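A short write-up of the structure that comes next.
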There are 2 protein chains.
Amino acid sequence: MEQRIELAVSTVSFALRPHPTSGRPTLWLPLVKRIREPYLGRWALPGGPLQPHEDLDASARHSLARTTGLEPAHLEQLYSFGGIDRSPDRVVSIVYWALVRADEDARAIDGENVEWFVADEVRALAFDHNAIVDYALRRLRAKLTYSDIAHAFTGDEFTIAQLREVHEAVRQLSLDPANFRRQALANPRIVATGRHLGGTSHRPPAIYRLERP
Amino acid sequence: MEQRIELAVSTVSFALRPHPTSGRPTLWLPLVKRIREPYLGRWALPGGPLQPHEDLDASARHSLARTTGLEPAHLEQLYSFGGIDRSPDRVVSIVYWALVRADEDARAIDGENVEWFVADEVRALAFDHNAIVDYALRRLRAKLTYSDIAHAFTGDEFTIAQLREVHEAVRQLSLDPANFRRQALANPRIVATGRHLGGTSHRPPAIYRLERP
DNA sequence: GCAAAAGTGTTTCAATTACACCCATGT
DNA sequence: ACATGGGTGTAATTGAAACACTTTTGC
């Protein structure tokens, strides 16, 4: 009795959008409604079976683009889940997580079976996808503190306040603007463009840029 | 033309043994000589195809025990490699890494086709296993600085000098004994047993224990 | 001028580093 | 006694946090 093991690639995509009640920037993610058993009608992570000719990350990009219209700038492997009991049939999922910039986010499409949810409020997902989302959130929050991935949200040009806003939204805390600024500018890859952002009802903030090595 | 995707689980196992020339504690790992094409005769990571009834980590444990006799205390998923060009046939490898304690290491068997090598000196492995070993080394070295995994080498009971020796061997540096001691004891999970280690030609060091939460 | 956020300066406190020095054992 | 690593003390340096204060814009 040779049982076939299915191999799928799924992606947790994060974007920052205003919270529906508080209005403050918050993490959202897109989910796809299942149109077949198991878990018919439940929400699940976008993904699909790995094609023989596709790299793992190419598979993640393709299934994301097909369902949500997204082509995120940052894509990174999260973990592979292969428990025996995560689905009636044996399926191993290689899960990626993606960060979506504001401009790219605007291009996202909400299809018939695609909808965005506040990341910390998703409930009763298909398979073990709740655990996967929780794990992705933990990894994102941890990684923000020791790497430059905040710029995957801001893009290459940004003000210090925008960068701080990303940290505050993702890590769910508030940061001292003065100290954050110093800490951010201690990164030698962050350099001033000389230009300033207009249209604010206060002093125009300087625009910085992330120098790629 | 439906091409089958093979799914394998492999493991990079690390143990500390004296370096063949310098004698200083160094990372070693076990490799298996391939007895079929592709890469016949080359050294490769222990592993095997995922069985339909096995969890991913169970698969790692089984293939490790079968080939090397090891049953490591620490086993952790590293990454999944699925590039289309990593083998003539399409194979996706879910790779784990393991840490082997000294007492467990003594139980290791060097079979006909199993041999241990200095981790930083392995060359010309089968498939993309050189890149995998490098990645595992980087992850191990990074993780040692922000977690408690050093104890996966020492076991639950240890002297501060033994713990320091692990750090020095893995991270390839030398640490101030006084400062390392303070820093280690700042961890509230490390508590004195009250016992001391005898047989040394100097002041007997205190034995500490890692309190599991 | 006033509000509001950008940006600078300064003081305090905690953590890291460097290194001098004492302690307990085997030989 | 003395060599050796275990273990303690302490001053100097660095970095994080707290917060007062100045700057520049729109209205």
Side-chain angles (χ1 to χ4, degrees), chain A residues 16 18 22-25 141-142 144-148 150-151 154 157-169 171-210, chain B residues 16 18 22-25 102 141-142 144-148 150-151 154-155 157-169 171-210:
Chain A
L16 286 175
S22 76
R24 306 202 320 164
R141 284 172 172 142
L144 205 71
T145 66
Y146 66 85
S147 80
D148 281 336
H151 301 285
T154 63
E157 297 209 338
F158 50 88
T159 69
I160 300 297
Q162 288 167 352
L163 189 59
R164 178 165 48 87
E165 194 173 56
V166 170
H167 275 85
E168 292 183 333
R171 294 165 57 193
Q172 300 179 117
L173 43 74
S174 65
L175 296 162
D176 182 306
N179 292 331
F180 180 85
R181 157 173 255 275
R182 255 185 301 261
Q183 187 181 325
L185 295 180
N187 181 350
R189 295 175 56 205
I190 294 181
V191 294
T193 61
R195 285 174 291 119
H196 291 255
L197 192 67
T200 58
S201 74
H202 54 78
R203 177 171 175 174
I207 297 174
Y208 294 84
R209 137 176 282 293
L210 182 67
Chain B
L16 287 176
S22 75
R24 305 203 321 163
R141 285 174 172 140
L144 205 71
T145 65
Y146 65 86
S147 79
D148 281 336
H151 301 286
T154 62
E157 297 209 339
F158 50 89
T159 69
I160 300 299
Q162 289 167 353
L163 189 60
R164 177 165 49 87
E165 195 174 54
V166 170
H167 275 85
E168 292 182 333
R171 294 165 57 193
Q172 301 179 117
L173 43 75
S174 65
L175 296 162
D176 183 305
N179 292 331
F180 180 85
R181 155 172 259 275
R182 258 185 299 261
Q183 187 181 326
L185 295 181
N187 181 350
R189 294 175 57 204
I190 294 182
V191 295
T193 60
R195 286 173 290 122
H196 291 255
L197 192 67
T200 58
S201 75
H202 53 76
R203 176 172 175 174
I207 297 173
Y208 293 84
R209 134 177 286 293
L210 182 67

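Labels below follow one simple rule: chain letters A, B, ... track the order of the sequence lines, proteins then strands, and each chain is numbered from 1. It should be emphasised that the depicted structure is a prediction, and the values quoted were computed from it without experimental measurement. Hydrogens, waters and symmetry mates are skipped; everything else that's a heavy atom, side chains included, is used.
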[X] [atom1] to [N] [atom2]: how many Å, rounded?
X	N	atom1	atom2	value
B:Leu173	C:dA18	CG	P	12 Å
B:Leu175	C:dT17	CG	P	9 Å
A:His202	C:dG7	NE2	P	10 Å
B:Gln162	D:dG5	CD	C1'	13 Å
A:Ile190	C:dG7	CD1	P	13 Å
B:Glu165	D:dG5	CD	C1'	12 Å
B:Ile160	D:dG5	CD1	C1'	14 Å
B:Gln183	D:dG7	CD	P	17 Å

Nearest heavy atoms of [X] and [Y], plus distance in Å:
X	Y	answer
B:Gln162	B:Leu197	NE2-CD2, 4.0 Å
B:Ala169	B:Leu16	CB-CD2, 3.9 Å
B:Tyr208	B:Arg181	OH-NH2, 3.1 Å
B:Ile207	B:Thr193	O-OG1, 2.6 Å

Which part of the nucleic acid, if any, lies within contact of B:Ala178, taking any heavy atom under 4.0 Å across all strands shown: a base, the sugar-phosphate backbone alone, or nothing?
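If one applies the 4.0 Å heavy-atom cut-off, B:Ala178 turns out to touch a base.
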
A:His196 has a side chain; which of D:dG6, C:dG7, C:dA18 sits nearest to it?
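Closest of the options to the side chain of A:His196: C:dG7.
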
Choose from C:dA6, C:dT25, D:dG7 the nucleotide whose nearest atom is closest to any side-chain atom of B:Ala206.
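Closest nucleotide to the B:Ala206 side chain: D:dG7.
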
Are B:Arg203 and D:dG5 close enough that a side-chain N or O sits under 4.0 Å from OP1 or OP2?
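The answer is no; no side-chain N or O of B:Arg203 sits under 4.0 Å from OP1 or OP2.
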
Can a side chain N or O of B:Arg164 be found less than 4.0 Å away from OP1 or OP2 on D:dG6?
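Indeed, a polar side-chain atom of B:Arg164 lies that close.
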
Map A:Ser201 and B:Arg182 onto DNA chain C by nearest heavy atom, then report which one ends up closer to the 5' terminus.
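Going by which nucleotide is closer to the 5' end, it is A:Ser201.
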
Could you tell me the separation between the NE2 atom of A:His167 and the OG1 atom of A:Thr154, rounded to the nearest 0.5 Å?
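If I round to the nearest 0.5 Å, the distance is 10.0 Å.
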
Residue mapping more 5' on DNA chain D - nearest nucleotide basis, A:Asp176 or B:Ala161:
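This one resolves to B:Ala161.
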
